[in-house]
> 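The structure under discussion is supplied below as structure tokens; questions concerning it will follow.
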Amino acid sequence: MVRVRYAPSPTGSPHVGNIRTALFNYVFARHHGGKFILRIEDTDRNRYVPGSEDDIKWSLRWLGIEWDEGPDVGGPYGPYHQSQRLAIYQEIAHRLVEEGKAYKCFCTPEDLERMREAQKAMGAATTMYDRRCRRLTPEEVRAREAAGLPYVIRFAMPLEGTIGYEDLIHGYTEFRNALTDDFVMLKSDGYPTYHLANIVDDHLMEITHVIRGDEWISSMPRHLNLYKALGWEPPKFAHLPLLLGPDRQKLSKRHGHVQFVEFIKEGYLPDAMFNFLALCGWNPGDDREILSREEIIELFSLERVSDNPFVFHHDKLLWMNGVYIRRLSKEQLVEYCLPYLQEAGLLPKELDEPTRAYAERVIPLEQEKMKVLKDVVSLTDFFFRDDYPIDEAAVRKWYTQPHIPQMLEELIRRYEALESFDAESVERVTREVIAWLGVKGGEVIHPVRVALSGRTTGPSLFEMMAVLGKERVLKRLRRAQGWVRSS
RNA sequence: GGCCCCAUGGUCUAGUGGUCUAGGACGCCUGGUUCUCAGCCAGGAGGACGGGGGUUCGAAUCCCCCUGGGGCUACCA
């Protein structure tokens with residue numbers, strides 16, 4: 001039985017890279033019919049950010065990623081918050097101390113700082129804990145404890161030899177033990193560090209595969225030696241290529257919009273995000289790129305995960321989201337868009353039937369143009385308000401032309417007489433005016449579009465008029481009569 | 001600096017020794033459709049597969065070196 005976990009730490013709203021890791025774990029579990037576990041690694045009390053755990057869960061659920069064990073759903077291996085498992089880590093850390101595989105270190109942060117300064121002053125290329133407390137005699141340790149000095153527990157790394165492992169993505173890799181220092185396992189506040197908690201929980205929760213970012217490769221000598229010291233069989237490891245910003249640095253806040261919840265708010269669709277994230281480092285091996293979750297789960301394999309870093313560009317995500325928006329039924333599109341229009345104040349929070357029906361006719365008009373749902377606001381605002389911006393350059397271009405006054409007058413007269421203001425009738429009448437004026441179609445259509453929407457781009461003019469309705473159309477055409485000027 | 005990872009067009013990626021004068025996608029450009037934009041359709045530009053050595057009849061594909069980029073180097077994850 002495959003058991004994998006996503007183990008975020010609640011130190012802020014998760015960014016795309018974190019969620020990509022969660023998705024790969026989830027897809028791997030589903031592909032193998034295994035379990036996907038969510039474990040909260042809240043072992044850093046200083047960096048804890050309230051609310052970030054909710055963002056993590058919200059992001060996962062929004063993507064349709066449900067965890068089989070973890071917060072809210074429980075499970076046989078709980079608790080799933082590391083802060084609730086402190087006694088376990090402490091017991092194991094002390095056991096290691098008794099076995100001589102770890103030791104108490106009484107160095108203060110100031111001691112360590114001085115040590116590093118001294119090493120640098122001596123021209124050392126690398127600063128590394130000098131293991132001074134590893135050499136303390138039992139009497140010295142007892143004396144310090146009796147004096148009530150705070151301490152951390154450090155792992156006693158082997159001083160020689162190498163340790164290696166077979167990475168499912170990178171292949172065999174090995175490290176020289178002497179190059180890794182005696183890392184802290186248990187902090188002076190009694191909380192474990194990632195290195196300890198992660199190994200203990202992965203073992204206790206019977207995790208079979210650890211799938212995480214490449215930045216963890218360098219911690220492998222610590223983890224592998226810890227497993228060895230504990231006498232535990234390590235799980236399989238797969239390190240995912242890093243997600244990079246356009247400057248090729250590891251993706252982070254510095255790159256702007258990288259928080260996953262920002263993507264949700266912008267109006268990316270869950271299916272599109274799922275699809276795109278799956279392609280951040282993985283591909284199905286053929287030319288397909290638009291893939292459903294079911295297809296991704298069916299086709300996924302770690303063997304097809306690339307081992308080179310992935311530069312995250314928004315362009316392709318935007319394109320893909322557009323593809324998914326265009327595939328939406330009119331009803332789905334409306335449901336997705338209404339909240340954005342309400343949020344923008346273009347529609348009331350409580351929709352009455354006529355208003356809703358109107359919005360249902362407006363929104364689909366711009367479906368093919370939307371890249372993100374939020375686009376609906378700028379694309380359709382003139383349908384919902386009268387004080388929309390006017391493209392002055394377009395007004396200057398058209399409203400200085402000689403046929404415009406006559407055109408407006410004639411259009412208004414004929415539209416007023418129309419009984420049914422549907423697209424076909426409006427088009428018929430408009431074409432009559434075009435013929436009567438003896439001008440090209442565009443010479444009427446373009447200035448009318450500017451009159452009705454204030455812009456030069458937009459939906460098909462006649463459908464737009466039918467939706468706007470006779471009253472609004474006439475009002476706006478009359479207003480446009482005031483734009484006419486000679487030049 | 002040390003250790004480790006990575007290296008195919010601007011970006012993502014196919015490619016696992018011959019079928020590659022390197023395929024696909026995004027982006028970009030052109031044309032078509034059309035009342036505009038978008039969409040859709042059809043074309044196009046853009047790579048001497050980072051460089052140098054090998055191995056081989058034959059290398060984008062295997063090996064080595066170099067170069068470049070990145071990650072880690074905390075009582076953070």
Side-chain angles (χ1 to χ4, degrees), chain A residues 7-12 18 41-44 46-47 105 107-109 112 116 120 123-129 150-154 167 169-170 173-176 179-181 183-195 197-198 212-221 239 241-242 244 246-250 276 279-290 304 306-320 322-323 326 366-371 379 394 427 430-431 434 440-446 448-450 453 455-462 464:
Chain A
S9 91
T11 52
N18 300 132
E41 307 225 327
D42 51 351
T43 56
D44 187 339
N46 300 318
R47 294 203 309 155
C105 168
C107 296
T108 63
L112 296 174
R116 288 191 196 101
K120 275 187 210 150
T126 290
T127 65
M128 191 166 147
Y129 180 60
Y151 63 86
V152 300
I153 292 182
R154 285 181 185 271
D167 192 289
I169 291 169
H170 296 281
T173 308
E174 71 175 9
F175 310 83
R176 282 162 51 206
L179 267 16
T180 298
D181 63 4
F183 62 93
V184 173
M185 292 169 32
L186 200 68
K187 308 176 211 176
S188 55
D189 62 3
Y191 276 64
T193 59
Y194 173 85
H195 304 301
N198 161 64
R212 70 233 300 187
D214 265 354
E215 72 267 32
W216 292 107
I217 293 179
S218 49
S219 291
M220 284 307 291
H239 289 95
L242 252 24
L244 272 27
D247 58 357
R248 305 202 71 96
Q249 306 279 317
K250 190 171 145 185
F276 186 77
L279 260 21
C280 288
W282 171 84
N283 75 79
D286 54 35
D287 287 343
R288 283 181 293 172
E289 292 198 301
I290 301 296
R304 294 215 60 85
S306 156
D307 51 10
N308 48 0
F310 186 99
V311 178
F312 192 93
H313 276 265
H314 275 74
D315 294 10
K316 194 156 186 174
L317 206 209
L318 229 33
W319 161 78
M320 189 173 280
V323 170
R326 273 173 251 128
E366 295 288 44
Q367 179 165 18
E368 60 195 16
K369 226 170 290 176
M370 294 180 206
K371 292 278 191 278
L379 251 16
E427 174 158 14
T430 308
R431 300 248 177 236
I434 290 167
K440 283 190 266 182
E443 292 177 273
V444 168
I445 288 168
H446 299 315
V448 170
R449 187 192 310 286
V450 175
S453 69
R455 56 186 82 177
T456 58
T457 65
S460 161
L461 183 70
F462 308 114
M464 183 172 116

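Because the structure is a prediction, the values reported are computed rather than measured. Proteins get letters first, then strands, A, B, ... in listed order; numbering begins at 1 in each.
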> Would one find a side-chain N or O of R304(A) under 4.0 angstrom from OP1 or OP2 of U13(B)?
no
> Once you apply a heavy-atom cut-off of 4.0 Å, does R212(A) come out as touching a base, just sugar-phosphate, or nothing?
nothing
> Pick the P atom in C62(B) and in A14(B), then give their distance to the nearest Å.
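Taking atom P in both C62(B) and A14(B), they lie 13 Å apart.
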> Does K120(A) make a side-chain N or O approach to OP1 or OP2 of G1(B) shorter than 4.0 Å?
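No, no such contact exists.
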> When we call it a touch if two heavy atoms are under 4.0 Å apart, what does V152(A) touch: a base, just sugar-phosphate, or nothing?
base
> Do S218(A) and C3(B) have a side chain to base donor-acceptor pair shorter than 3.5 Å?
no
> Name the pairing partner of G17(B), where a pair is Watson-Crick or G-U wobble with both distances under 3.5 Å, or state none.
none
> Looking only at heavy atoms, what is the nearest atom pair of A394(A) and V450(A), with distance?
CB-CG2, 3.8 Å
> Under the criterion side-chain contact (heavy atoms from CB on, under 4.5 Å), I'd like the reasoning laid out for H446(A) against T456(A): C-alpha separation, chi angles, the key distance, then a yes or no.
CA-CA 7 Å; H446(A) 299 315; T456(A) 58; over 6 Å; no
> Please measure how far the C1' atom in C63(B) lies from the corresponding atom in U16(B), and state the result in whole Å.
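Each nucleotide's C1' atom is 16 Å from the other's.
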> Could you tell me whether K369(A) and E366(A) have a side-chain N and a carboxylate O separated by less than 4.0 Å?
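Result for this pair is yes, salt bridge flagged.
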> Quick one: which of A74(B), A77(B), C3(B) gets closest to the side chain of E215(A)?
A77(B)
> Quote, to the nearest angstrom, the C1' distance that separates C26(B) from G46(B).
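After rounding to an integer number of Å, I get 14 Å for this pair.
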> What interatomic distance, in whole Å, is found between P of U36(B) and the corresponding atom of G23(B)?
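35 Å, rounded to whole Å.
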> Using heavy-atom distances to pick each residue's nearest nucleotide on RNA chain B, tell me which of S219(A) and T127(A) is more 5'.
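In this pair, the answer is T127(A).
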> Find the partner of G43(B): check Watson-Crick (N1-N3 plus N6-O4 or O6-N4) and G-U wobble (N1-O2, O6-N3) distances, both under 3.5 Å, and reply none if neither fits.
C29(B)
> Could you state the atom-to-atom distance from CD of E368(A) to P of C37(B) in whole Å?
12 Å
> Has K316(A) got a side-chain atom pairing as donor or acceptor with F276(A)'s backbone, closer than 3.5 angstrom?
no
> Give the ring-plane orientation class for H170(A) versus H239(A), where under 30° counts as parallel, over 60° as perpendicular and anything between as tilted.
tilted
> From M128(A) CE over to F183(A) CZ, what is the distance, rounded to the nearest 0.5 angstrom?
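Output value for this atom pair is 12.0 Å.
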> Polar-atom pairs under 3.5 Å, protein N or O versus N or O of nucleotides 5-8 of chain B: list them with distances, or write none.
unit_1, atom_1, unit_2, atom_2, d
C5(B), O3', H170(A), ND1, 2.9
C6(B), OP1, H170(A), ND1, 3.0
C6(B), OP1, D307(A), OD2, 3.4
U8(B), OP2, N308(A), ND2, 3.4

> Mind calculating the distance between NE2 (H313(A)) and C1' (U13(B)) to the nearest angstrom?
14 Å
> With C1' as the reference atom in both, quote the distance from G69(B) to G10(B) in angstrom, rounded to an integer.
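Their C1' atoms lie roughly 16 Å apart.
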> Once you round to the nearest 0.5 Å, how far does OH of Y191(A) lie from CG of N46(A)?
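If we round to the nearest 0.5 Å, Y191(A):OH and N46(A):CG are 10.5 Å apart.
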> Would you mind telling me which of C75(B), C12(B), G70(B) lies closest to the side-chain atoms of V311(A)?
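In terms of side-chain proximity for V311(A), the closest of C75(B), C12(B), G70(B) is C12(B).
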> Starting the side chain at C-beta, find the nucleotide from C76(B), C12(B), C35(B) nearest to F462(A).
C35(B)
> Which is true for P192(A) with a 4.0 Å heavy-atom rule: it touches a base, it touches only sugar-phosphate, or it touches nothing?
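Result for P192(A) = sugar-phosphate.
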> What is the distance, rounded to the nearest whole Å, between atom CD1 of I445(A) and atom P of C37(B)?
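Going from I445(A) (CD1) to C37(B) (P), I get 13 Å.
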> For G458(A), report the nucleic acid contact type (base, sugar-phosphate, nothing); a contact means any heavy atom under 4.0 Å.
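Counting heavy atoms under 4.0 Å across all strands, the contact made by G458(A) includes a base.
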> To the closest 0.5 Å, what do you measure between CG (L279(A)) and CD1 (I290(A))?
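Rounded to the nearest 0.5 Å, the CG-CD1 separation comes out at 8.5 Å.
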> Expressed in angstrom and rounded to an integer, what is the separation of K250(A) atom NZ from C76(B) atom C1'?
10 Å
> Is A7(B) paired to anything, Watson-Crick or G-U wobble with both distances less than 3.5 Å, and if yes, which nucleotide?
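Check on A7(B): paired to U67(B), both distances under 3.5 Å.
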> Report yes if a side-chain nitrogen or oxygen of T11(A) is closer than 4.0 Å to either non-bridging phosphate oxygen (OP1 or OP2) of C76(B); otherwise report no.
no
> Rounding to the closest angstrom, what is the interatomic distance between C29(B) and G2(B) at atom P?
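Between the two P atoms, the distance is 46 Å.
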> Would you say that Y129(A) contacts C107(A) through its side chain, given a criterion of any heavy-atom pair below 4.5 Å between the two side chains?
yes
> Applying a 3.5 Å limit to both distances, which nucleotide forms a Watson-Crick or G-U wobble pair with C37(B)?
none
> Nearest-Å distance, CG (D247(A)) to P (G69(B))?
13 Å
> Check every strand shown and say whether Q249(A) touches a base, only sugar-phosphate, or nothing at a heavy-atom separation below 4.0 Å.
sugar-phosphate
> Taking R288(A) for the side chain and N283(A) for the main chain, is one N or O donor matched with an acceptor at less than 3.5 Å?
no
> Out of U36(B), U13(B), C75(B), which has the shortest distance to the side chain of N283(A)?
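Ranking U36(B), U13(B), C75(B) by closest atom to the N283(A) side chain puts U13(B) first.
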> Where do N or O atoms of nucleotides 65-67 of chain B meet protein N or O atoms at under 3.5 Å, pair by pair?
none

> Do you know which two heavy atoms are closest between P246(A) and V311(A), and how far apart they sit?
CA-CG1, 4.0 Å
> With the side chain of H446(A) defined as its heavy atoms from C-beta on, choose the nearest nucleotide among G70(B), U36(B), A77(B).
U36(B)
> Roughly how many Å is it from CZ in R248(A) to P in G71(B), rounded to a whole number?
11 Å
> Select one nucleotide: of A77(B), U13(B), G39(B), the one nearest the side-chain heavy atoms of R326(A).
G39(B)
> Please enumerate all protein N or O atoms sitting under 3.5 Å from an N or O of nucleotides 24-28 of chain B, with distances to 0.1 Å.
unit_1, atom_1, unit_2, atom_2, d
A25(B), O4', E289(A), OE1, 3.2
A25(B), O2', E289(A), OE1, 2.4
A25(B), O2', K316(A), NZ, 3.3
A25(B), N3, K316(A), NZ, 3.1
C26(B), O2', K316(A), N, 3.4

> Given A77(B), is OP1 or OP2 found less than 4.0 Å from the side-chain N or O atoms of T43(A)?
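Looking at the OP1 and OP2 atoms of A77(B), one of them is under 4.0 Å from a side-chain N or O of T43(A).
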> To the nearest Å, how far apart are L318(A) CG and C12(B) P?
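Spelled out: CG on L318(A) to P on C12(B) is 18 Å.
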> Any side-chain to backbone donor/acceptor pair from T11(A) onto R47(A)? Under 3.5 Å, distance only.
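A pair under 3.5 Å: no.
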> Rounded to the nearest 0.5 Å, what separation is found between the CG atom of L179(A) and the OG atom of S218(A)?
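Between atom CG of L179(A) and atom OG of S218(A) there are 12.0 Å.
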> Picking from G71(B), C4(B), A38(B), which would you name as closest to the side chain of K369(A)?
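Minimum distance to the K369(A) side chain belongs to A38(B).
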> Just how far, in rounded Å, is P of C35(B) from CD of E427(A)?
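Distance, rounded to whole Å: 8 Å.
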> Please indicate whether R176(A) has more than 12 foreign heavy atoms, meaning atoms of other residues, nucleotides or ligands, lying under 6.0 Å from its CZ.
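No.
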> Mind listing the closest non-hydrogen atom pair of S188(A) and P150(A) along with its distance?
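Shortest heavy-atom separation between S188(A) and P150(A) comes out as CB-CB, 4.5 Å.
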> Taking the nucleotide of RNA chain B with the closest heavy atom to each, which residue, W282(A) or Y151(A), is nearer the 5' end?
W282(A)
> Nearest to the side chain of F175(A), heavy atoms from C-beta on, is which of C12(B), C4(B), C40(B)?
C4(B)
